[in-house]
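To start, the structure itself, in structure tokens.
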There are 2 protein chains.
Amino acid sequence: MKAIGNVELFFKGDPYNFAIKAFCTRWKPFLIKAIGYDETTRFNRFTKQLPISEKVLTENLRELEADGLITRTVYAEVPPRVEYKLTELGRSVCPILEAIYDWGWNEMKRLGLPIDPLGEMWHGYRERDEKVMESPFKR
Amino acid sequence: MKAIGNVELFFKGDPYNFAIKAFCTRWKPFLIKAIGYDETTRFNRFTKQLPISEKVLTENLRELEADGLITRTVYAEVPPRVEYKLTELGRSVCPILEAIYDWGWNEMKRLGLPIDPLGEMWHGYRERDEKVMESPFKR
DNA sequence: CAGTATCCTTAGGGATACTG
DNA sequence: CAGTATCCCTAAGGATACTG
């Protein structure tokens, strides 16, 4: 964004955009939810559970880590193992994400829009099918 | 986004992205908050209170209206007068936005980051100064 | 006053190939 | 397995001039 007077400052100093950037983007709610479901998750698990490219996944995980929402633990094994977990701060955004999901779910229902069943399983709106939840997007 | 299998469907049917698109974008929290503060707001008031261009403002207002979060009332006067108000649905997102703002505010405070005082006034974290709140970005 | 109409720039996301 | 490294593309946002 170009600067008009104090515009940059306005956005840099804004808690809305700070928080939205931290966990209200296209992928982050899913990543946080995916970790929550498994308690601890590995890199490839994400790529099986979500239609996300490696590059975008890496970027998002690095940001979540930098913002303190998740931890990344590397185990010195062959083949390598890296595990992702939510931090306390990461868990603190879950109720907000639940509220966002619920709002969207209710509004979509009201409008009669089709809702993805996978997300509903993750959120407890639909009975879980572990086979489907494990790797719906495995390529 | 290109389609990989059922990716498009995944996103179209996702309540997170539905809700985020509806009110968790760069400008919409401000617009919703700006209306809330004034109860009813006019087009030019937004451009004085926020560093937003007319084009982007128009787009955002149209989307908010299409999604049922605000109403747009045209009065047949000269010069023209158009007033924007929150709907019941629009008011229903305010608690979620408050939670998002609060999370961001607390986290920014913890990190020692500077927070824009104007937003703090709007949110009651700082004493109101009507002169500043009226048109901080008037050009 | 309340917008359109243009034109332009950039950041986010995507596909794919490669590596320690 | 868990990522980098490239290259590409489009959609969101921005500046500015104009209008009923």
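Every chain is numbered from 1 and lettered A, B, ... according to where its sequence line falls, protein lines coming before strand lines.
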**First encountered from the 5' end of DNA chain D, between A:Thr58 and B:Val56** = A:Thr58
**Request:** Decide, yes or no, whether a salt bridge links B:Glu98 with B:Lys33 under the criterion of side-chain N to carboxylate O below 4.0 Å.
**Result:** yes
**Message:** How about CD on B:Glu130, more than 12 heavy atoms from neighbouring residues, nucleotides or ligands closer than 6.0 Å, or not?
**Reply:** yes
**Message:** Please tell me if A:Arg62 has a side-chain N or O lying less than 4.0 Å from either OP1 or OP2 of D:dA2.
**Reply:** no
**Message:** Does the structure show a Watson-Crick or G-U wobble partner for D:dT10, both distances under 3.5 Å? Name it, or say none.
**Reply:** C:dA11
**Prompt:** CD of A:Glu63 versus C1' of C:dG12: gap in Å, rounded?
**Reply:** 10 Å
**Message:** I need the CD-P distance between B:Glu54 and D:dA15, as an integer number of Å.
**Reply:** 10 Å
**Request:** Examine C:dG13: is either OP1 or OP2 under 4.0 Å from a nitrogen or oxygen in the side chain of A:Arg26? Give yes or no.
**Result:** no
**Pairing partner of D:dG20 (Watson-Crick or G-U wobble, both distances under 3.5 Å)** = C:dC1
**Fill in**
Closest of D:dC1, C:dA2, D:dG14 to the B:Phe43 side chain is C:dA2
**Request:** May I have the distance from A:Ile52 (atom CD1) to C:dG12 (atom P), rounded to whole angstrom?
**Result:** 14 Å
**Message:** In whole Å, I'd like the distance from the NZ atom of A:Lys55 to the C1' atom of C:dG14.
**Reply:** 7 Å
**Message:** Measuring from the side chain of A:Trp27 (C-beta onward, heavy atoms only), which nucleotide among D:dA2, C:dG3, C:dG14 has the closest atom?
**Reply:** C:dG14
**A:Pro80 or A:Glu59, whichever maps to the more 5' nucleotide of DNA chain C** = A:Glu59
**Request:** Using a cut-off of strictly less than 4.0 Å, decide whether A:Arg72 has a side-chain nitrogen or oxygen near OP1 or OP2 of D:dG3.
**Result:** yes
**Item:** Interatomic distance where CG belongs to B:Asn17 and P belongs to C:dG12 [whole Å]
**Value:** 16 Å
**Asked** In whole angstroms, how far is the P atom of D:dG14 from the CG atom of B:Leu50?
**Response** 11 Å
**Request:** May I ask you to evaluate whether B:Tyr84 reaches the phosphate of C:dC1, defined as a side-chain N or O under 4.0 Å from OP1 or OP2?
**Result:** no
**Prompt:** Is a side-chain donor-acceptor pair under 3.5 Å present for B:Thr40 with B:Glu83?
**Reply:** yes
**Item:** Side-chain donor-acceptor contact under 3.5 Å, A:Asn106 with A:Tyr101
**Value:** no
**Item:** Atom-pair distance (CG on B:Asn60; P on D:dA11), nearest Å
**Value:** 17 Å
**Asked** How long is the line joining CZ of B:Arg81 and P of C:dA2, in whole Å?
**Response** 9 Å
**Asked** Has A:Arg42 got a side-chain N or O lying under 4.0 Å from the OP1 or OP2 atom of D:dG3?
**Response** no
**Touch class at under 4.0 angstrom, heavy-atom based, for B:Phe46 against every strand present** = nothing
**Fill in**
Distance col, row A:Asp116:CG vs A:Arg126:CZ, nearest 0.5 angstrom, shows 8.5 Å
